[in-house]
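A short write-up of the structure that comes next.
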Amino acid sequence: MDWFPLYNSLRVASISTFITFFVGIFAAYYIARTPKALKGVLDCALTLPMVLPPTVVGFFLLKTIGPFGPVGSMALELWGFRMIMTWYSAIFATTIVTFPLMYRTARGAFESFDETLSYSAQTLGLSGTFIFWRIMMPNCKQGILAGTVLAFARALGEYGATTMVTGYIPGRTATISTTVYQLWREGNDSLAYKWVGVNLAISFIVLVSVNMLENRYNRPRRARTDTP
Amino acid sequence: MSIYVRIKKALGDFTLDAEFEAENEIMALLGASGCGKSMTLKCIAGVAKPDEGVIVVNGVTLFDSKRRINLSPQKRRVGLLFQNYALFPNMTVERNIMAALSPRCGKTEARERFHALAEKFYINGLENHYPANLSGGQQQRVALARIMASAPSIIMLDEPLSALDSYLRWQLEEELARILDDFSGTTLYVSHSRDEVYRICDRVCVIDDGKFERPRSITELFESPDSLASALLSGCKNYSRVERKDERLVHAIDWNVYLACDRPVGSDISHIGVRAHYVGISHEACDGENVFPCSVIRVTDDIFSTIINVRPTDSNSAEDFSRIRVELPKDETTEIREGDVLRVKINPRDIMLLTCSNPRN
């Protein structure tokens, strides 16, 4: 059995989760602070990929980064860089589809963050960077972690948008989900079952690790005993 | 002058209009919930921005809308203790305090100062605990130590005791008083509890619906309040609208009685107030000065006293405004029953003459 789809899926999901993690958090951080009217508009725009059918996202992507799209044609002309039908095309698709998951869970976490912690940190002379990374992020860890895992799981399972921008090229752009579809079309049920099993195993591991992490953080903190 | 504040801030249909100054003392900001106390502290700390005005602390202008000065909270050196103490839940006690020391001193010096603070605030042995594992008292000590670590030039406490139950409150109040005595700068103490303010503070500024009255001494507030808001906050239970009749005589409209006062009544006097434990019951048969008949509405036993609600028999209103609350030691009240008619006596010197700036009352 050729393990390329597993490798490719993990690679695409990891990279897009990494991108989504930072972009989603910063979008959430700034949008949690914008005035109400603007917030509503931005919120809708950023959440749209979650409710749109992935094929619609894929369609827009093709029209933008395809060889005749404004971005795609420019990249091709300037750097000879083809944005579709390669393994990394899937990153564009999965990043867009997973972004709302990260953004919304992170925003929820930021909005429930106790403002007085930030106020008191400011009056104690602590910088904005310190407050963000050392106080806000650790206290919003639960929500951010949940968002990251959801985004990763979603990226791993993305099919619609991915297949439109990457197609199915065995050994080059195949992911687990596109492979399962292809195998079913070919009537290769036994191999399809194997990939379904792999997919189940990964999902199971992801969910168990989320539960374990959550339990660890939910437990009341004890005094550390490593006193010097 | 140690702090001078003159700010305005509109919040919806509510306007905060603060003006006061304080020396190196403990100044109470006393007012009902939602009167703008906490917002005032936030403006001074710099985490909220007033619409206009001036804030000066120890000669440093923190905010001046005309000169476009608005220092960041980090540069203001204002210590603010929140009601929930706002300890960082993800850090141990030691790291909470070290965080406040880090912007100002190097690692070795911070460590030394941490140990000195731990000693002073009795938090030795708690260094590696997380805030969630501390008692309310320990949390308060850590929060105060953390504020002191940031070397503030002024400290502000936002209802520091109101989240606690009454037993713990006593203990913490004593500790707090001890710590505040050691601090040489100005302390602003926000509270809605007159008892706390009476015991802890030197002077008090009464806030009535966003408006600051002039600061006065604690004794002045409790012995001779001059506005309706300050009388209510100092715990006065009985008040009535009045009409001035002559130099020393007023008609208490809500009670429908005429009362003589021992002082001249100014033309701006709109209300009178009488403390519940200064209202007496006259056993003499004849009507004397400021003695009038009242019927007993309700008798309630309190711990050390009996509270009797009465209504002057001549009052034509059945509303609560016409009620007078009388507090008597328990042994004097055994025979009083609901429906009885008593002769109530108010000594002219116990009548507080009050002005009212707030048209809502």
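Since the model is a prediction, treat every value here as computed from it, not as a measurement. Both backbone and side-chain heavy atoms feed into the values below; hydrogens, waters and symmetry mates do not.
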Item to check | Atom CZ of A:Phe130 with >12 non-hydrogen neighbours under 6.0 angstrom | outcome: yes
Next on the checklist: More than 12 heavy atoms of other residues, nucleotides or ligands under 6.0 Å from CZ of B:Arg68: yes or no?
Outcome noted: no
Checklist entry - Quick check: are there more than 12 heavy atoms from other residues, nucleotides or ligands sitting under 6.0 Å from OH of A:Tyr88? => result yes
Checklist entry - Distance-only, no hydrogens or angles: does the B:Gln74 side chain make a donor-acceptor pair with backbone N or O of A:Leu126 under 3.5 Å? => result yes
Checklist entry - Near A:Phe81 CZ, under 6.0 Å, is it more than 12 heavy atoms from other residues, nucleotides or ligands? => result yes
Checklist entry - So what's closer than 4.5 Å to chain A heavy atoms on B:Leu81: side chain, backbone, both or neither? => result neither
Next on the checklist: Measuring from atom OG1 of A:Thr123 to atom CG of B:Leu80, what distance do you get when rounded to the nearest 0.5 angstrom?
Outcome noted: 5.5 Å
Next on the checklist: Given heavy-atom pairs under 4.5 angstrom as the criterion, report whether the side chain, backbone, both or neither of A:Ser127 touches chain B.
Outcome noted: backbone
Checklist entry - So which part of B:Lys42 gets closer than 4.5 Å to some heavy atom of chain A, the side chain, the backbone, both or neither? => result side chain
Checklist entry - CG of B:Asn90 to CZ of A:Arg134: how many Å apart, nearest 0.5 Å? => result 9.0 Å
Item to check | Closest non-hydrogen atom pair between A:Leu117 and B:Phe88, with its separation | outcome: O-CE2, 3.5 Å
Checklist entry - Is atom CZ of B:Arg67 surrounded by more than 12 heavy atoms (other residues, nucleotides or ligands) closer than 6.0 Å? => result no
Run the side-chain donor-acceptor check on residues 143-156 of chain B: report pairs under 3.5 Å with partners two or more places apart or on a different chain.
{"unit_1": "B:Arg146", "atom_1": "NH1", "unit_2": "B:Ala86", "atom_2": "O", "d": "3.3"}
{"unit_1": "B:Arg146", "atom_1": "NH1", "unit_2": "B:Asn96", "atom_2": "OD1", "d": "2.9"}
{"unit_1": "B:Arg146", "atom_1": "NH2", "unit_2": "A:Ser120", "atom_2": "OG", "d": "3.4"}
{"unit_1": "B:Arg146", "atom_1": "NH2", "unit_2": "B:Ala86", "atom_2": "O", "d": "2.8"}
{"unit_1": "B:Ser150", "atom_1": "OG", "unit_2": "B:Ile147", "atom_2": "O", "d": "2.7"}
{"unit_1": "B:Ser153", "atom_1": "OG", "unit_2": "B:Arg77", "atom_2": "O", "d": "3.3"}

Next on the checklist: Assess the residue pair A:Ile135 and B:Met91 against the criterion (side chain to side chain contact (heavy atoms under 4.5 Å, CB included)); give the C-alpha distance rounded to whole Å, side-chain angles, the decisive distance to 0.1 Å, and a yes or no.
Outcome noted: CA-CA 9 Å; A:Ile135 298 167; B:Met91 298 185 190; 3.9 Å; yes
